[in-house]
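Heads up, the thing below is written out as structure tokens.
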Amino acid sequence: MKSSEILCYGKACDHPRKSGTAALKVENVSFTYPGQNTEVLQGVNIDIGPGEKVAFVGPNGAGKSTLMNLILGLEPLNHGTISVFGHDAQSCRHRVSMVPQKNSVDWHFPVTVRQVVTMGRYVHLGWFKKPGKEDSEAVDKAMETMEITNIANRQVGELSGGQQQRVMLARTLAHDADLMLLDEPLNHVDIATQELIFHTIEDLCQGGKSVLVSTHDLGILTVHFSRALFLDKSIIADGPVKEVLTPENIARAYGFEFHKDKELSPWLNGY
Amino acid sequence: MKSSEILCYGKACDHPRKSGTAALKVENVSFTYPGQNTEVLQGVNIDIGPGEKVAFVGPNGAGKSTLMNLILGLEPLNHGTISVFGHDAQSCRHRVSMVPQKNSVDWHFPVTVRQVVTMGRYVHLGWFKKPGKEDSEAVDKAMETMEITNIANRQVGELSGGQQQRVMLARTLAHDADLMLLDEPLNHVDIATQELIFHTIEDLCQGGKSVLVSTHDLGILTVHFSRALFLDKSIIADGPVKEVLTPENIARAYGFEFHKDKELSPWLNGY
Amino acid sequence: SGSQDTDQSLQVVASTSIITDVVSAVGGDRIVLKGLISSGQDPHSYEPAPRDIAKVEDADIVFVNGFDLEEGLLSIIESVNPENIVEVSRMVKALEHNHHDADDHDADHHDADHHDADDHDADHHDADHHDADDHDADDHDADDHDADDHDADHHDADHHHESGDPHTWMSPLNVISWVEVIVESLTDKDPANASYFRSNGEAYIIKLTDLHKKMQETLSVIPEEKRVLVTDHNLFEYFARDYNFKIVGSLIPGYSSSSESSSRETARLLDHLNQEGIPAIFIGDSAGEGVKKLALTLSKESDHDILVKELLTGSLRNPGMEGDSYISFMEYNMKQIVSGLNR
Amino acid sequence: MAEWILEPLQYGFFQRGLMAGMIVAFSCGVLSAFIVWRGMAFIGDALAHAVLPGIVISIILGIHVLIGALGAAMLSVIGIGSLTRHKGFKEDTAIGVIFAGAFALGILLMSKVASFKDLSHILFGNILGVSTFDVILISTVGILVVLGISLFYKELLVTSFDPTHAQAIGLSPQLIHFGLLFLVAATTVLATQTVGVVLVMALLVTPAASASLLVKKLSKIIVLSTCFSMLSILLGFYISYYNDLASGATIVLVLTLFFFLSLIVSKLRNK
Amino acid sequence: MAEWILEPLQYGFFQRGLMAGMIVAFSCGVLSAFIVWRGMAFIGDALAHAVLPGIVISIILGIHVLIGALGAAMLSVIGIGSLTRHKGFKEDTAIGVIFAGAFALGILLMSKVASFKDLSHILFGNILGVSTFDVILISTVGILVVLGISLFYKELLVTSFDPTHAQAIGLSPQLIHFGLLFLVAATTVLATQTVGVVLVMALLVTPAASASLLVKKLSKIIVLSTCFSMLSILLGFYISYYNDLASGATIVLVLTLFFFLSLIVSKLRNK
Ligand SMILES: Nc1ncnc2c1ncn2[C@@H]1O[C@H](COP(=O)(O)OP(=O)(O)OP(=O)(O)O)[C@@H](O)[C@H]1O
Ligand SMILES: Nc1ncnc2c1ncn2[C@@H]1O[C@H](COP(=O)(O)OP(=O)(O)OP(=O)(O)O)[C@@H](O)[C@H]1O
Ligand SMILES: [Mg+2]
Ligand SMILES: [Mg+2]
Ligand SMILES: [Zn+2]
């Protein structure tokens, strides 16, 4: 795995895309963090087709971020299989990208916004190649989409939380992957950017890309998504949003029955 | 300022609370980050009374986090004055607390959830005193409120994003301040916790505490708040939520007129 | 390389202050002499300034001690002016391993011998020396010298380490041979002043002979059984040979200041000090704090009264102080030894 | 066995060396956890070298070297502390800059003063030459360290974990940082004279690094690292006695061995 | 003035020393920015010491010390690299543990082998005794460094800024880390022989620390730090010549002076 990981950098998996293969196929994945003794994921199965836009919901600690990390190979998989476009995720990195929830970024490191967004192109360059005109255009476009062109030359460390989040999103757009994993992309960003994000996702999916978006904003979700995955260690529900976000499922996962006395927000009562 | 900062640790400002004084008074505050040349805040005036619950909105980069940092004295104020309960904020630290948006936490540092929440009590202890029974009870209560009692003995570094956010919120609850600044507390947390947060805030305000909550979730805001502050470098609007969140204000701050072609989410059209 | 002085006098550079003193006695005012390591400085930790090396590059003769004393400096000199290096100790016969009594202390020195084997002793001045017990040399270098054998290693290819105690000046008899070497070298380079150098040399040899006699006499007041030396490390091989002393051991059995004493070796040395009732420990003026402390500790811990006495080792003292010339340097050491042992 | 233990103990220098070593190990073991987790691993090495100009100056002035060394250490500490105040400057960079500058200054001064030439004392103390006075001095510092750490434990905890929160409750992270640096400086200066810098450096880093592999709570790390460091002194001392090895180096190797054992244990446990 | 410059240049040792110094300064200046921003300030110091067992062993085996030194450096590099893989272990801790262990091993070996005497060579090289062969060796390493940094610039950038993203695009942050460590090790081993560890250490840290105070973009930091380091060699060499000072220490002091000047400039600018 180690060696394939190294070799893969910058190499497009030249396997032809088989028609009918899933964009993402998670089969029977269970996971325990090393040194821990409770399973964080239990027998998870997911199947996402090309061009699909899927919301990923579940309470805090449900394992959403863990699963996304596993898909990208950031944690070693210890049980089950994950494939991306029919291939091992490790050998198809140019086609999968992620905006992580908790990033490992060293914000003090002296780089500009533009440099960070350009990092989204590295996967297509591989060793020794420098970013060219095409990359530069892709970067410009990604920055425009996220409306950060005006701060392109600022140090990323000096930005506001929302601006930093937009930079991370732009980096992923620059990556131009076929499967995008967005882990709570709405955190920190303002409503204008939220709209932007959803419209961008919409456009991407229309172009055949698959997007998996984890979020806690169940209200916004009903508007923009048709399919939702409800995770709580294992997949509790999978299907059209309205069917997944039933009061029963919510009560089961969030323990809302314990708060019956409290007034639920109208948007939760709404459906 | 330096010396007062040091002396203040653990000391309650024993000035009697004058009746009728504002919980927070920001007067004519302007701010530029050192080494930068654009003003981030321009002539900001805010007045929040005791027991008030105020939403703090504005686009990314509006200066919300900057203002909160200034209130706590985390950045040196270079223009204007800020007072808390009629006193210098620096000499009234036991009465002000904050949940920051971007924290400076070293998540790898080996501490447990309980230890972190206990840190919220330190301000009342001051030098040499160790947390006592009373503190331990306050910590337990805060953890219960945020529903993290079950993970009390885990390492904070190993938690999910939402769990970490709840730990930070519990720390602030343990602080038991009279003025709470919550900078985007809804990031990372699931809907159950969001409800919890708002109900907790409600309870606190009924107990006479003042809370300033920055958020981008304009939908949820209308439900839980009666007053909103709209910041975009300077205060654009201040008053009842419905008056503040007018389509004009939103258009002005978020530049929504540029996206007229895109369909706005129903909740934005809703009011 | 370098510019020649307009003055036709020989440009001479000497490494240590002791060599400088002796060369100056021979060369007088007919040479331009520059001592690199000034009085009071330690020959081993000496870090040259660039203009010193400029002098070396310009020099007609560079006198060094030999036996790798100024090891760090040597590597610089060798890269700057290799043709004109003269080792003043080259006529000194390195000592056989002669000073240890057959007690367990001897064992401590095995490593040393072992070291010889590894050392690259294919000496280029072979005719004159054998390898001898030499680890003392190492001892010494190490101890006070911060300088940089690294370079030495680095120059391994062209430089062969000498083996042997480098403290040749601890016996005036050796310094007499220095004078011969110095006279010969100066004469070689400047035949016009040959007679001047020779007569200076002869005069100085007489002084050295007198010093030797005086030392023999003075030291003879110490009873035979009290003629035992314990030093920070071995630097008295020649002294012991010529004045009939026995070297019992040293505080640091390792070969460098960097090496620490092992606790059992120290324990053995302490037992030894007690058994033989040794009255004094001698510590070089440039020994490290740690060694000085260890000496004090041992003196306190022994069952009898042990004095810790200071000796001059690698360098003369500053002008005006006792020990500012080679002869007074030796007289000072002699006094210290007599007062330490003859009690 | 009893004889094996007792034989070297009949020598006073062995007793005192062992005693001094144990006390230094205790102080260092207690400090170690904070050193490791605050990223200050090289502080011991740096201070031991940075002290040089102070030593040279005290020799020129004819005062006790300890005074000069402590003075120089305190100046370096102030320098390091002030540099890390610059947000973004990593601790080790500040330490490195001050270390190199102060040491070079010391060397230049030394080459002009001549009589003092021995640098090797910096690397190796002579643990066998420890006097009773040294033991008293070291014990004093040991008591200072234990007192300092236990009195300011909660302040050290909060400034290490979240300096911004510390600042927000009126606690100057810098002041605490200075305090910690002060304790480390006192320990380093005194311990270097007796046990040498290599050993001090190792005692300040390796024990907590090993302990962190095995346990996760800070208090446990401190206890375990103190055990490791004292045990390695004991073992190292006897091993060096019976095998005619240099004591300091042997102790460091025993410590390093503990580290690798811990590493193996932690790997096996995470399997 | 011309004469002032030319006088020392007539000496071969001065030319060679200056040349070697400039080349080392160039290599170090280029590496410096990454060393500083990745928190590896003490890597030079550590490697220079950790090399000791290799030197001793090569003397025992009768091979060239350079081979032993390089071998030991590479082993240490592997050790350091593998330890930092443990998430959460700070870089400096890993460096410290390996440094102390390897150095102690070297001392023990040395005390048993004897022929290798002095350690202080590690502190000071002999910049005045540089041979033409040395200059060639150093130039080779210099070329290696410049090639390495320019060929892998983007990989160094992304692994420094966001190791998780690097891993996500199939680039092993560890591999790049090893590569960087390898370059630093080669530079340190060779440069230590000629200019000494104090100077190497200073050249690896201070230039980029100074440059970071003045400019913010990484590429500018690299250029400026290279200027600083080369300028300080030049100035330091001439100053030490005309004032009869030790060259290495003078150069370090000039560098430190540059640092404090930069500090003052940055303070004034932020006023
Ligand atoms: N450390 C800093 N140095 C320089 N500029 C900064 C710094 N932090 C923030 N800024 C700038 O100040 C402005 C206000 O930032 P601030 O973080 O206060 O915004 P905010 O309203 O909290 O935004 P968000 O909703 O994205 O959190 C932004 O333009 C940002 O780029
Ligand atoms: N590095 C880690 N080591 C051990 N346990 C971990 C680690 N990271 C996460 N966990 C645990 O694994 C579980 C799942 O975490 P994960 O971050 O995947 O949840 P999540 O669904 O993303 O939650 P959130 O909505 O809060 O982001 C949680 O119980 C968490 O405490
Ligand atoms: Mg998550
Ligand atoms: Mg903000
Ligand atoms: Zn000597």
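Chain letters run A, B, ... following the sequence lines, proteins first, then strands; residues in each count from 1.
Both the backbone and the side chain of B:Q163 come within less than 4.5 Å of a heavy atom of chain A. If you measure heavy-atom distances from B:I151 to chain A, you find no contacts under 4.5 Å at all. Proximity to chain B is limited to the side chain of A:E158, based on heavy atoms less than 4.5 angstrom apart. Within the 4.5 angstrom heavy-atom criterion, only side-chain atoms of B:Q164, from C-beta onward, approach chain A. With a 4.5 Å cut-off on non-hydrogen atoms, B:Q36 touches chain A through its side chain but not through its backbone.
When atom types are taken as modelled, the side chain of B:E195 and the backbone of B:A192 share no donor-acceptor pair closer than 3.5 angstrom.
Within a 6.0 Å radius of NZ in A:K141, no more than 12 heavy atoms belonging to other residues, nucleotides or ligands are found.
Residues meeting the side-chain contact (heavy atoms from CB on, under 4.5 Å) test with B:E243, sequence neighbours left out: B:P240.
For the set B:G61, B:G58, B:S214, the count of heavy-atom pairs under 4.5 angstrom toward chain A peaks at B:G61. Contacts with chain B were tallied for A:G162, A:A62, A:G63; A:G162 has the most, counting heavy-atom pairs under 4.5 Å.
Aromatic rings of A:F225 and A:F198 (six-membered ring for Trp) have centroids within the 6.0 Å cut-off, being under it.
Each of A:V139, A:T145, A:V99 was evaluated against A:L173; a single residue qualifies, A:T145, per the side chain to side chain contact (heavy atoms under 4.5 Å, CB included) test.
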(request) Would you please test A:N187 and B:H188 for side chain to side chain donor-acceptor pair (under 3.5 Å) and show each step? (result) CA-CA 7 Å; A:N187 284 339; B:H188 305 282; 3.2 Å; yes
